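Note that the coordinates shown come from a computational prediction; the quantities given were computed from them, not determined experimentally. Both counts, for ligands and for their atoms, begin at 1 and track the order of listing.
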Amino acid sequence: MLPTFTYVKPASIGEAVRELSTPGALAHAGGTDVLGCLRDRVYAASKLVSLNGLAELRGVSETPNGGLRIGALTTLSEIATHPLVKLRYAALAAAAGAAASPQLRNQGTIGGNLCQRPRCWYFRGDFLCARKGGDTCFAKEGENRLHAIFGGDVCVMVHPSDTAPALTALDASVRIVSPRGSHMVSLDAFFVPPSKDYRRETVVDPGEIVTDVLLPASPVGAASTYRKLRARGAWDFALSGAAVMVVRRGKTIQQAHVVLSGVAPVPWRAMAAEKELIGHELSDGVIARAAEKATVGAVPLSDNAYKVALVRGAVMEALSELRAVG
Ligand SMILES: Cc1cc2nc3c(=O)[nH]c(=O)nc-3n(C[C@H](O)[C@H](O)[C@H](O)COP(=O)(O)OP(=O)(O)OC[C@H]3O[C@@H](n4cnc5c(N)ncnc54)[C@H](O)[C@@H]3O)c2cc1C
């Protein structure tokens with residue numbers, strides 16, 4: 001059963017951030033994550049601030065510099081099927097289309113997808129884990145087959161979002177609004193690794209909301225994709241995934257972003273793989289070497305060494321797909 005809380009539906013962004021600045025207030029967008037967490041007592045809220053009265057937070061539009069602006073309340077379904085997203089930012093369309101299930105994609109928003117809480121069963125269960133205020137990450141010594149092989153420090157949860165690695169690979173930024181004004185943050189700097197602060201997942205402070213996702217103009221010669229590996233065909237989080245964006249002149253790669261999902265507490269930049277790709281064509285050998293380099297630094301836990309092979313496979317499949325469209 002849901003606990004008792006007050007519910008407000010502001011008509012302006014200013015009113016929304018003022019309401020969110022009171023202690024115990026939480027934003028409510030599609031509600032697919034926050035309502036389940038409140039019901040299951042993962043965390044508490046005394047007030048939900050619905051963003052659903054803010055029409056300006058919906059929809060996809062072109063920006064004057066040739067990029068795209070996606071309002072935070074735009075649903076994952078709208079993003080997955082939007083013609084310009086599919087044409088210029090294929091990794092994002094694929095990631096949004098691979099998240100959760102059709103019903104959840106119709107309800108879940110991009111802002112909520114980026115700000116959703118971890119899916120770790122200890123965090124979601126009756127355990128006072130480090131992220132919930134305790135001093136232990138129970139997954140480290142416990143059931144950890146779905147957990148991190150990279151970047152696990154005080155906490156080995158994996159970041160649950162599919163759109164986050166795609167947006168990181170595409171050099172996206174978000175606008176964050178607070179009662180004091182607004183500022184932009186690149187996706188690279190949006191997620192907080194446990195080594196910096198294991199009690200939060202993003203830089204969004206209480207009283208702030210994400211209002212827009214901004215994609216830069218797609219460079220000439222750019223192509224991108226997202227490959228997700230999961231246990232079931234739908235309604236499942238990534239065991240591993242790879243969002244890849246390359247910019248080619250002719251067939252030669254000038255710029256490469258390889259960002260992994262399902263294997264680290266934040267979208268994980270596979271820098272060694274990126275370096276391996278620069279200056280080369282996507283030959284079988286280069287693809288195999290880059291896929292191998294994507295596993296550099298992996299430190300598997302007791303039950304998740306299988307993820308190392310999944311990383312290799314996801315990167316290999318994503319790069320092979322980009323070779324076919326190049
Ligand atoms: C069964 C199931 C399977 C799923 N599978 C996947 C999957 O495979 N891949 C995947 O990526 N996701 C998956 N999800 C998560 C789902 O996609 C997200 O829950 C959804 O996108 C969240 O959007 P929402 O609008 O419903 O967020 P809400 O539930 O409304 O909010 C989620 C969190 O974000 C905060 N928030 C929401 N909007 C904003 C904003 N604009 N600014 C600041 N904070 C905000 C809320 O306060 C809350 O903490 C799954 C969820 C379920 C229930």
*Asks:* For atom 52 (C) of ligand 1, what's the nearest protein heavy atom and its distance?
*Replies:*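 It is Leu104 CD1, 3.5 Å.
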*Asks:* Taking 4.0 angstrom as the limit, do Asp126 and Arg41 come out as a salt bridge?
*Replies:*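 So Asp126 does not pair with Arg41 through a salt bridge.
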*Asks:* Of all the non-hydrogen atoms in the protein, which one sits nearest to atom 20 (C) of ligand 1, and at what distance?
*Replies:*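 The protein heavy atom lying closest is Thr32 OG1, 3.3 Å.
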*Asks:* Looking at Glu201 and Arg131, is any side-chain nitrogen of the basic one under 4.0 Å from a carboxylate oxygen of the acidic one?
*Replies:*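 Here Arg131 pairs with Glu201 in a salt bridge, since their nearest N and O are under 4.0 Å apart.
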*Asks:* For Glu321 and Thr225, does a side-chain donor sit closer than 3.5 Å to a side-chain acceptor?
*Replies:*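 The criterion, which ignores hydrogens and geometry beyond distance, is satisfied for Thr225 and Glu321.
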*Asks:* Quick one: pull up NZ in Lys307 and OG1 in Thr295 and give me the separation to the nearest 0.5 Å.
*Replies:*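 Spacing of NZ (Lys307) from OG1 (Thr295) equals 14.5 Å.
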*Asks:* Quick one: closest heavy-atom pair of Ser161 and Ser261, and the distance?
*Replies:*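 For Ser161 versus Ser261, the nearest heavy atoms are O-CB, 4.4 Å.
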*Asks:* Check each atom of ligand 1 against the heavy atoms of Trp235 and keep those under 4.0 Å away; list them by number with element.
*Replies:*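 In order of numbering, the contacting atoms are 1 (C), 2 (C), 3 (C).
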*Asks:* Which ligand 1 atoms, with their elements, are less than 4.0 angstrom from a heavy-atom of Ile209?
*Replies:*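 Within the 4.0 Å cut-off of Ile209, ligand 1 contributes 42 (N), 43 (C).
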*Asks:* If you measure from NZ on Lys251 to CG on Leu282, what distance do you get to the nearest 0.5 Å?
*Replies:*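 Those atoms lie 9.0 Å apart.
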*Asks:* What is the closest protein heavy atom to atom 17 (O) of ligand 1, and at what distance does it sit?
*Replies:*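 For atom 17 (O) of ligand 1, the nearest protein heavy atom is Asn113 ND2, 3.2 Å.
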*Asks:* From atom 47 (O) of ligand 1, work out which of Gly30, Ala164, Ala27 has a heavy atom at the shortest distance.
*Replies:*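 Nearest heavy atom to atom 47 (O) of ligand 1 lies in Ala27.
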*Asks:* Which atoms of ligand 1 sit under 4.0 Å from any heavy atom of Ala72?
*Replies:*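 Heavy-atom distances to Ala72 below 4.0 Å select 41 (N).
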*Asks:* Would you mind telling me if ligand 1 is within reach of the side chain of Leu51, the backbone, both or neither, using heavy atoms under 4.0 Å?
*Replies:*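 Within the 4.0 Å criterion, Leu51 contacts ligand 1 through side-chain atoms alone.
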*Asks:* Would Asp153 and Lys196 count as a salt bridge (Lys or Arg N to Asp or Glu O under 4.0 Å) here? Give the steps.
*Replies:* CA-CA 9 Å; Asp153 190 89; Lys196 223 169 173 184; over 6 Å; no
*Asks:* Indicate whether the side chain of Glu317 and that of Ser320 have a donor and an acceptor atom separated by less than 3.5 Å.
*Replies:*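 The answer is no; no qualifying pair exists.
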*Asks:* Which option, Arg119, Glu208, Gln116, owns the non-hydrogen atom nearest atom 53 (C) of ligand 1?
*Replies:*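 Among Arg119, Glu208, Gln116, the closest heavy atom to atom 53 (C) of ligand 1 comes from Arg119.
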*Asks:* Quick test of your reading of the structure: of Val210, Asp162, Asp33, Asp236, whose heavy atom lies closest to atom 29 (O) of ligand 1?
*Replies:*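 Answer by nearest heavy atom: Asp33.
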*Asks:* Could you check atom 44 (N) of ligand 1 against the protein and tell me its nearest heavy-atom contact, residue, atom and distance included?
*Replies:*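 So the nearest neighbour among protein heavy atoms is Cys115 SG, 3.6 Å.
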*Asks:* Ala100 versus ligand 1: do any nitrogen or oxygen atoms come within less than 3.5 Å of each other?
*Replies:*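 Ala100 vs ligand 1: N/O contact under 3.5 Å present.
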*Asks:* As an exercise, identify every atom of ligand 1 less than 4.0 angstrom from a heavy atom of Ala99.
*Replies:*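 Selected atoms, number and element: 7 (C), 8 (O), 9 (N), 10 (C), 11 (O).
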*Asks:* Which ligand 1 atoms, with their elements, are less than 4.0 angstrom from a heavy-atom of Leu76?
*Replies:*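 The atoms of ligand 1 under 4.0 Å from a heavy atom of Leu76 are 17 (O), 21 (O).
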*Asks:* Check whether any heavy atom of Ser161 sits under 4.0 Å from an atom of ligand 1.
*Replies:*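 Per 4.0 Å heavy-atom rule, Ser161 contacts ligand 1.
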*Asks:* Would you check the N or O atoms of Gln107, main chain and side chain alike, for any that come under 3.5 Å of an N or O of ligand 1?
*Replies:*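 Gln107 vs ligand 1: no N/O contact under 3.5 Å.
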*Asks:* Sub-3.5 Å donor-acceptor pair from the side chain of Asp33 to the main-chain atoms of Arg117, do we have one?
*Replies:*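 Yes; judged by distance alone, with no hydrogens or angles, the pair exists.
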*Asks:* What residue and atom, counting heavy atoms only, is the protein's closest point to atom 50 (C) of ligand 1, and at what distance?
*Replies:*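 For this ligand atom, the closest protein heavy atom is Phe237 CZ, 3.3 Å.
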*Asks:* Which residue holds the protein heavy atom closest to atom 28 (P) of ligand 1, what is that atom called, and what is the gap in Å?
*Replies:*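 Result for atom 28 (P) of ligand 1: Gly31 N, 3.5 Å.
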*Asks:* Between Asn113 and Arg105, do the side chains contain an N or O donor and an N or O acceptor separated by less than 3.5 Å?
*Replies:*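 Per modelled atom types, Asn113 and Arg105 side chains form no pair under 3.5 Å.
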*Asks:* Would you mind listing which atoms of ligand 1 come within a distance below 4.0 Å of any non-hydrogen atom of Pro160?
*Replies:*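 Per the distance check, 9 (N), 10 (C), 11 (O).
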*Asks:* Any salt bridge between Arg145 and Asp303, counting N to O under 4.0 Å?
*Replies:*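 Between Asp303 and Arg145 there is no salt bridge, as every charged N stays at least 4.0 Å from the carboxylate O atoms.
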*Asks:* Does an N or O anywhere in Lys228 fall below 3.5 Å from an N or O of ligand 1?
*Replies:*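 By distance alone, the answer is yes.
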*Asks:* Taking the basic N atoms (NZ, or NE/NH1/NH2) and the acidic carboxylate oxygens, is any pair closer than 4.0 Å for Arg124 and Asp40?
*Replies:*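 No salt bridge links Arg124 with Asp40.
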*Asks:* In chain order, what residues pass the salt bridge (Lys or Arg N to Asp or Glu O under 4.0 Å) check against Arg230, with sequence neighbours excluded?
*Replies:*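 With sequence neighbours excluded, Arg230 shows a salt bridge (Lys or Arg N to Asp or Glu O under 4.0 Å) to no residue whatsoever.
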*Asks:* Note the single closest protein heavy atom to atom 27 (O) of ligand 1, along with its residue, its atom name and the distance in Å.
*Replies:*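 Result for atom 27 (O) of ligand 1: Gly112 CA, 3.4 Å.
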*Asks:* Does any donor atom in the side chain of Ser186 or Asp188 lie under 3.5 Å from an acceptor atom in the other side chain?
*Replies:*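 No.
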*Asks:* Residue-level breakdown please: for Thr211 versus ligand 1, do any non-hydrogen atoms fall below 4.0 Å on the side chain, on the backbone, on both, or on neither?
*Replies:*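 Neither; no heavy atom under 4.0 Å.
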*Asks:* Answer yes or no: does an N/O atom from Thr109 fall short of 3.5 Å to an N/O atom of ligand 1?
*Replies:*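 Looking only at distances, the answer is yes, because the N/O contact criterion of under 3.5 Å is met.
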*Asks:* Pull out every atom of ligand 1 sitting under 4.0 Å from any heavy atom of Ala29, numbered as shown with elements.
*Replies:*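 Taking each heavy atom of Ala29 in turn, ligand 1 has 25 (O), 30 (O), 37 (C), 38 (N) under 4.0 Å.
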*Asks:* Students often mix this up, so state it plainly: with edges at 30° and 60°, are the rings of Phe138 and Phe127 parallel, tilted or perpendicular?
*Replies:*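 Geometry flag for Phe127 against Phe138: tilted rings.
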*Asks:* Are any of the N or O atoms of Val34 closer than 3.5 Å to those of ligand 1?
*Replies:*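 Among all N and O atoms of Val34, at least one is under 3.5 Å from an N or O of ligand 1.
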